[in-house]
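One structure below.
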Amino acid sequence: MNADFSKPYDPKATESMIYQQWLDSGYFNPDNLKIKNPKIQNYVVYMPLPNVTGTLHMGHALDNTGSDILVRYYRMKGFRTLWLPGTDHAGIATQYKVEKELRKEGASRFELGREKFIERVWKWKEEYGGIIIDQLKKLGASADWSRLRFTMDPDYTKDVLSAFVHYYEKGLIYRGERTVNWCPRCGTSLSELELEHQEEKGSLWYIKYPLIDTKHEIPNTKYIIVATTRPETMLGDTAVAVNPNDKRYAKFIGKTIRLPLTNREIPIVADLKIDPGFGTGAVKVTPAHDILDFEIGGRHKLASIQVIDERGKMNANAGSYAGMKTEEARKAIVERLASEGLLEKEESYVHNITICYRCGHVIEPIPSMQWFLQMDKLAANALKTVQSGKVDIQPENFQKIYFDWLENIRDWTISRQLWWGHQLPVWFCKNQTGSSNSQFLISNKNLSAEDFVVSVEKPATCPICKNCDMIKSPDVLDTWFSSALWPFAGLSESDRKNYYPGNFVSNARDILNLWDARMIFSGLEFMGKPPFQNVFVHGTILTKDGKRMSKSLGTGIDPLKYIDQYGADATRFAVIWQANGQDIHWDEAAVMAGRKFCNKIWNASRFVLERSGNSKFDLPLQTETQNSLTPQTEADKKILAKLAEVKKQTERYIETFEFAKALQNLYDFFWHDFCDIYLEESKGQIADEKTGSSTQAILRNALVESLKMLHPFMPFVTEAVYQNLDERSNQFLMTTEW
RNA sequence: GCACCCUUAGCUUAGUGGUAAAGCGUUACAUUGACAUUGUAAAGACCGUAGGUUCGAUCCCUACAGGGUGCACCA
């Protein structure tokens, strides 16, 4: 491109043109890099998969600028550098989005039916799923788009299903009925990492549970009082539990209670999980509607009575309350208890309610047939890999969060009752099960492994009855099950040989366990090696006053606004300038500083070009030329020494992911040491015959070296300048040797 | 509740066992300069509060307060 240096730097006119040149060059693809060193080393970065529903936000800008800095640096260093991009089908998020669209049209997915609905989601994906990729390109991301993958591409899907089969055949996947976290709005189970908590003012009701004491062993006690925030679930109570060490209740253990409203008789059991200090120290146990209670129920062989259905309404077991919403039932039950004199008191109480991370609806634990991945062994491997340092998580304090999760891991609920996603490779026999209704099949507790087969492809003939048309499980896999496979499922067979394992992944802390941990154990399980050496957890970008950026709250800031207005380089500058490891209180002033810096680079380059008599650059600068630079003056010596020092510092900072420090250091050097001091000094030196030509050489050298070092951070302006330094050159700064 | 992190100039943040830097903002002066986005200089911080360790602490320790995050959820 031909630049007009007489005007200020104009990112708008420059960026799209430069980006197109990069794309045309093919150098984002490492297979096209001219690699001289026979002992080539890889540098592979995995892009945190953006959801197809997503549009670029500040978090992406931070992730991807950091990754791009590394990728551009290592590419210039001569590594075979691959940045692997992809998009995630994001099961629940995408389904929710399309459902919302349908609701606006007055329709629902149930009216459409599964097949039509999925078609609709694909259409939606084709239309909007590429938006975020285009936005990443605007940011300057030098990912290898020729390798772009979607988690529901045919090949990827095959790997996902094969992984399921692998785990199943290894005995790590099992089907069972458990009380799981259930979102009544989305109509699906969720894993514990997909939950959020919200503080809510509620009540704690103290309810009298009448004691059955026919033998009159415990005089003066007619009731045990339990405290609960959810009286409506008492209809499903199957025990009252106390702590075995709680002296107040020792004599009650093993006795029986008559459950109010139902007159069902339930036992009093002892369990160490009960906190004697909370409420009255006696707890109602509802295995069907509380996960902890489900575990207590398991230990004491208690029945599980479901009283709330998957839509969050009271079911037939709730007797006269059947059909009511839980809140209605709660109110009615409290009134009834009060009228019967069984309500001891009501206290106001602030507690946390659990909500769905996608739609925000209150989570209802309910018993349900699900598929689980046994986690203990997988978690132990993932733990060991980080403990032994094979994978390094930075900043270090996040290792603790990683360890905590893996050390206290529960089995992973991997099935979801959604329509958008990878359907489980599980095939039910119609004849054996006696049904062709798939909904019936998933909820049927009586099915055993005799009733289905697990296989990637549909068996041509049913291996169970030999003549039925098998039914595929309607469940889909947790989105994170497929994204966990990204470091290898994102690569073709041959790429796996060349590019696995990779090196680096960078993301926000909220997906450390959701994604990073799962990539680590998946990589170990399927490839025998961890997928990368470095996990870098960057800070979260908050508003200036420290609030979470959120679209729904209207507190989000769109990085594209900055890219359009001030350019991608200024935006990247601002993001990295502020990214020191802590959370960032976003200050727009940094974007202005970035824009000014672009212009400074632009103008300093113009100066050097003009004072060098234009087109005197012989790019790329030869090493011999650089070595023969002979300082004549104190200023010469100083700038050359400083340049060498800054280069070393920059390398160190980039290699340790201290991008903010690297950038600030470079900024300081370029603006102050180079422009304010040396450039001013050079004016006199050039005029002097004795120092003229050496000064010009030093200017050229310092400029080119600066452009190289700045390129990973601000790729557009540096590339634009570089290409204008030598008219004869068709070199890319992007692939110039560091 | 447990654990971890943060609290430094008007704002956003660096940083160090020997009283502190940057960007933006403010003030003065200079400059048509490679720079409509410049330079030089100045003002501006008893480095959250209270103790302790130390010859000496903003930096280490303890407690507290405020903000945040992770985990557990207590029913």
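Every chain is numbered from 1, with letters handed out A, B, ... down the list of sequences.
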Notebook entry, point to check: Among B:U38, B:A75, B:C6, which nucleotide sits nearest the side chain of A:Q582?
Noted result: B:C6

Checklist line | Polar side-chain contact A:K600-B:C35 base: donor and acceptor under 3.5 Å | finding: yes

Notebook entry, point to check: Nearest of B:A75, B:U37, B:A34 to any side-chain atom of A:R611?
Noted result: B:A34

Note to self: Between C1' on B:U37 and NZ on A:K596, what's the gap in Å once rounded to a whole number?
What the structure shows: 6 Å

Next item on the list: Tell me which of A:C675 and A:A589 sits closer to the 5' end of RNA chain B, going by the nucleotide each one is nearest to.
Entry: A:A589

Notebook entry, point to check: Looking across every strand, which nucleic acid part, if any, lies under 4.0 Å from A:N397 by heavy atom: base, sugar-phosphate, or nothing?
Noted result: sugar-phosphate

Item checked: Spacing of A:L666 atom CG relative to B:G23 atom C1', expressed in whole Å -> 16 Å

Next item on the list: Quick one: look up who B:A21 pairs with, Watson-Crick or G-U, both distances under 3.5 Å, and put none if it's unpaired.
Entry: B:U13

Next item on the list: Calculate the interatomic distance between A:I291 atom CD1 and B:C74 atom P; express it in whole Å.
Entry: 10 Å

Next item on the list: Measure the spacing between CZ of A:R336 and CG of A:L342 and express it to the nearest 0.5 Å.
Entry: 9.5 Å

Notebook entry, point to check: Is any side-chain N of the basic residue among A:R230 and A:E364 closer than 4.0 Å to the acidic one's carboxylate O?
Noted result: yes

Notebook entry, point to check: What integer distance in Å separates A:N603:CG from B:G39:C1'?
Noted result: 14 Å

Next item on the list: Taking the six-membered ring for Trp and the single ring otherwise, decide whether the centroids of A:W515 and A:F521 are under 6.0 Å apart.
Entry: no

Next item on the list: Any strand is fair game: report the nucleotide pairing with B:G39 by Watson-Crick or G-U wobble, both distances under 3.5 Å, or none.
Entry: B:C29

Check: So which nucleotide does B:A50 pair with, by the Watson-Crick or G-U wobble rule with both distances under 3.5 Å?
Finding: B:U62

Item checked: Complementary nucleotide of B:C71, counting Watson-Crick and G-U pairs under 3.5 Å -> B:G1

Check: What's the verdict on side-chain contact (heavy atoms from CB on, under 4.5 Å) for A:R264 and A:I305, showing C-alpha distance, side-chain angles and the deciding distance?
Finding: CA-CA 12 Å; A:R264 202 150 33 76; A:I305 301 176; 3.3 Å; yes

Margin query: What contact category does A:F674 fall into here, base, sugar-phosphate, or nothing, at under 4.0 angstrom with non-hydrogen atoms?
Written below: nothing

Next item on the list: Would you indicate what A:A590 reaches in the nucleic acid, counting non-hydrogen atoms under 4.0 angstrom: base, sugar-phosphate, or nothing?
Entry: nothing

Check: Looking at the side chain of A:K683, which of B:C24, B:A75, B:A34 is the nearest nucleotide?
Finding: B:A34

Note to self: Taking the minimum atom-to-atom distance to the side chain of A:E680, which one of B:U37, B:C74, B:C35 wins?
What the structure shows: B:C35

Check: How long is the line joining CD of A:Q394 and C1' of B:C5, in whole Å?
Finding: 15 Å

Margin query: If you only use heavy atoms from C-beta on, which nucleotide in B:A75, B:A34, B:C6 is closest to the side chain of A:Y349?
Written below: B:A75

Notebook entry, point to check: Going from CD on A:E232 to OG1 on A:T229, what distance comes out if it is rounded to the nearest 0.5 angstrom?
Noted result: 8.0 Å

Item checked: Between P of B:A36 and OH of A:Y9, the distance in whole Å -> 15 Å

Item checked: Pairing partner of B:A45 (Watson-Crick or G-U wobble, both distances under 3.5 Å) -> none

Check: Which nucleotide in the set B:C5, B:C11, B:A34 lies at the smallest distance from any side-chain heavy atom of A:D587?
Finding: B:C11

Notebook entry, point to check: Would you say A:K661 reaches B:A22's phosphate, i.e. side-chain N/O to OP1/OP2 under 4.0 Å?
Noted result: no

Checklist line | A:E705/A:K708 ion pair, N-O < 4.0 Å | finding: yes

Next item on the list: To the nearest Å, give me how far apart CD (A:E347) and C1' (B:C74) are.
Entry: 13 Å

Notebook entry, point to check: For A:K7 and B:A36, is the shortest distance between a side-chain N/O and OP1 or OP2 below 4.0 Å?
Noted result: no

Next item on the list: Using whole Å, report how far CG of A:D668 lies from C1' of B:G15.
Entry: 14 Å

Check: Checking all strands, does A:F5 fall into the base, sugar-phosphate, or nothing category for heavy-atom contacts under 4.0 angstrom?
Finding: nothing

Item checked: Distance-only side-chain donor-acceptor flag, A:N603 / A:Y9, under 3.5 Å -> no

Notebook entry, point to check: Closest to the A:N599 side chain: B:C74, B:C4, B:C35?
Noted result: B:C35

Note to self: What's the closest nucleotide to the side chain of A:W671 if the choices are B:A22, B:G39, B:A34?
What the structure shows: B:G39

Note to self: Is a donor from one side chain sitting under 3.5 angstrom from an acceptor on the other, for A:E347 and A:Y206?
What the structure shows: yes

N/O-N/O pairs, protein side and nucleotides 65-72 of chain B side, under 3.5 Å:
unit_1: B:U69; atom_1: O2'; unit_2: A:R509; atom_2: NE; d: 3.4

Notebook entry, point to check: Which is true for A:C598 with a 4.0 Å heavy-atom rule: it touches a base, it touches only sugar-phosphate, or it touches nothing?
Noted result: nothing

Margin query: One pair to check against side-chain contact (heavy atoms from CB on, under 4.5 Å): A:Y249 and A:T280. What are the steps and the verdict?
Written below: CA-CA 10 Å; A:Y249 293 109; A:T280 60; 3.7 Å; yes

Check: From B:A36, B:C4, B:C24, pick the nucleotide closest to the side chain of A:P8?
Finding: B:A36

